[in-house]
Protein chains: 2
Amino acid sequence: MAFAFLIVDDDPDVLKAAALALSGPLARVDVATSPDGIEALAAGRDAVLLDMNFALGARSGEAGLGVLAQLKSAEPELAIVLMTTFGGVSLAVEALKKGAEDFILKPWRNDALEIAMTKAAQATRARRAEAGLTLDEIERRAIARALLASGGNMTKAAAMLGLTRPALYRRLERHGL
Amino acid sequence: MAFAFLIVDDDPDVLKAAALALSGPLARVDVATSPDGIEALAAGRDAVLLDMNFALGARSGEAGLGVLAQLKSAEPELAIVLMTTFGGVSLAVEALKKGAEDFILKPWRNDALEIAMTKAAQATRARRAEAGLTLDEIERRAIARALLASGGNMTKAAAMLGLTRPALYRRLERHGL
DNA sequence: CTAGAAGCGTCCGTTTTCGGACACTGCATG
DNA sequence: CATGCAGTGTCCGAAAACGGACGCTTCTAG
């Protein structure tokens, strides 16, 4: 249950503050001042906190969005939380559309940062777990969910899953449900 | 793409402020000052913003957590964002464990609130879409994902899915992939 | 009480799927 | 060049899944 975070920002003070806020018995934190070779740095992490503006004075967030896209394409399950000082809603929306897990404005509240990163890490774990599932396990879960959603009504559950009722019975038995 | 929000707080000023922040061409907002009959009020919403403390002076957040549990059990797909003034990390963690989608501290930043609620609404939509999927469609997606993850290597993809290779071929053909 | 509707669990002849095996291709290594 | 490893696509007898139909139990309404 211990999470591994990576923080990327060109300002050492920001890195120090964020690392302090996130460090704890349940979290390992590493930092980087540049997004160079970020795929390798991010390997094995549960979440990445990424600054949007690296070039001094840059405010468009383009740099961060580029790194976001690059990292997401290398490892789609990994949650990436973006942070910026110059946060407009439109920029945030664009970031979320590109796959960012969350969006934090500097200066942040430590509570909020910790919550966001914890949620992000949990999302990563969940996606990784799902990605490794066997077809049988996926089917079992879907069936269990449908059965729950229909309140135990076999006919409705079968229809919901696109099965005939006998087929649902067979699968229930096969999965031991 | 227009979202419907419900805001529940006993303070009318808070309701007004939150409604103003969230209103827009893409969002319909309704408010309530009490969580009574919340299941009915929440029907058809994409996300609910819920205060944690209703009794005057109450700070434990117990009230909000109770309503959260009640609402979650009635409609598990619905995203619920909790808000409180007296936010400790432990309370936030507890809330998230009980199924809250996010956790906002009062006073909030309008940007952050809008982002949080938009993300929550998207999460609701995604879960609802998934809940209605047929077994065939679920299988098709899982296969497509595995094939992508293995870089097109049939043997690896089959192993990942817990299938024999011929079985994977049959399913590919059946799904037209 | 009775008719109808809705749901349940099972049967069985037909259809589909299963997976081990086989032959083939590409490709790196000695 | 030869060897071996990894991957691909297909075949076929055995095995499993398919789904329409049947008889049964509730439950609701007239």
Side-chain angles (χ1 to χ4, degrees), chain A residues 37 39-44 70-78 124 127-177, chain B residues 36-45 69-78 124 127-177:
Chain A
E39 291 98 332
L41 288 173
Q70 182 184 350
L71 200 45
K72 264 282 162 189
S73 85
E75 202 177 339
E77 299 88 9
L78 180 62
T124 300
R127 282 194 290 262
R128 283 189 182 146
E130 243 186 68
L133 284 183
T134 228
L135 261 194
D136 249 23
E137 287 165 334
I138 293 171
E139 181 177 298
R140 165 196 273 265
R141 289 179 185 214
I143 290 175
R145 197 162 41 74
L147 220 41
L148 198 67
S150 70
N153 180 323
M154 306 299 265
T155 304
K156 279 182 191 165
M160 195 172 303
L161 293 166
L163 296 175
T164 57
R165 205 156 41 80
L168 177 55
Y169 281 113
R170 279 189 294 275
R171 285 171 142 92
L172 282 176
E173 186 175 10
R174 186 146 63 77
H175 289 112
L177 292 176
Chain B
D36 294 346
I38 189 147
E39 290 98 331
L41 288 172
R45 312 288 173 178
Q70 183 183 349
L71 199 45
K72 264 283 162 187
S73 85
E75 201 178 339
E77 298 88 9
L78 180 62
T124 300
R127 282 194 289 262
R128 282 188 182 147
E130 244 186 67
L133 285 182
T134 226
L135 261 193
D136 249 26
E137 287 165 335
I138 292 171
E139 180 177 298
R140 166 197 273 266
R141 290 180 185 215
I143 289 174
R145 197 161 42 72
L147 220 42
L148 200 67
S150 69
N153 180 324
M154 306 300 265
T155 305
K156 278 182 193 166
M160 199 173 300
L161 293 166
L163 296 174
T164 56
R165 205 156 41 80
L168 176 56
Y169 281 114
R170 279 191 293 273
R171 284 170 143 96
L172 282 176
E173 186 174 11
R174 184 147 62 79
H175 289 111
L177 292 175

- Item | Counterpart residues, side chain to side chain donor-acceptor pair (under 3.5 Å), relative to B:Arg141 (two or more places apart) | none

- Once you round to the nearest 0.5 Å, how far does CZ of A:Arg171 lie from CG of A:Leu177? 12.5 Å

- Item | Residues which pass side-chain contact (heavy atoms from CB on, under 4.5 Å) with B:Leu148, listed by chain and number, not counting sequence neighbours | none

- Query: In B/S/- notation, 5' to 3', how is nucleotides 9-24 of chain C contacted by protein heavy atoms closer than 4.0 Å?
  - Reply: BB------SBBB----

- Near DNA chain D, which residues from residues 132-140 of chain B have a heavy atom under 4.0 Å away? none

- Message: Minimum heavy-atom separation for A:Leu78 and A:Arg127, please, with both atom names.
- Response: C-NH2, 4.0 Å

- Item | Contact list for residues 147-156 of chain A, test side-chain hydrogen bond (donor to acceptor under 3.5 Å, both in side chains), sequence neighbours left out | none

- Message: Can you list everything that forms a side chain to side chain donor-acceptor pair (under 3.5 Å) with A:Arg128? Sequence neighbours excluded, please.
- Response: A:Glu75

- Item | Angle of first-five versus last-five pair axes in the helix from C:dC1-D:dG30 to C:dG30-D:dC1, to 10 degrees | 30°

- Query: Where is the tightest heavy-atom contact between B:Leu161 and B:Ala142, given as atom of each residue plus distance?
  - Reply: CD2-O, 3.9 Å

- Note on the structure: CE (A:Met160) and CG (A:Leu147) are apart, to the nearest 0.5 Å, by 9.5 Å

- Message: Which residues pass the side chain to side chain donor-acceptor pair (under 3.5 Å) test with A:Glu137, not counting sequence neighbours?
- Response: none

- Interface limits on DNA chain D, where chain B has a heavy atom under 4.0 Å of a nucleotide atom: D:dG7 to D:dT10

- Message: Can you list everything that forms a side-chain contact (heavy atoms from CB on, under 4.5 Å) with A:Pro166? Sequence neighbours excluded, please.
- Response: A:Thr164, A:Arg170

- Message: I'd like to check the side chain to side chain donor-acceptor pair (under 3.5 Å) partners of B:Glu77; sequence neighbours left out, ordered by chain and number.
- Response: none

- Item | salt bridge (charged side-chain N to carboxylate O under 4.0 Å, His left out) against B:Arg174, all qualifying residues, sequence neighbours excluded | B:Asp136, B:Glu139

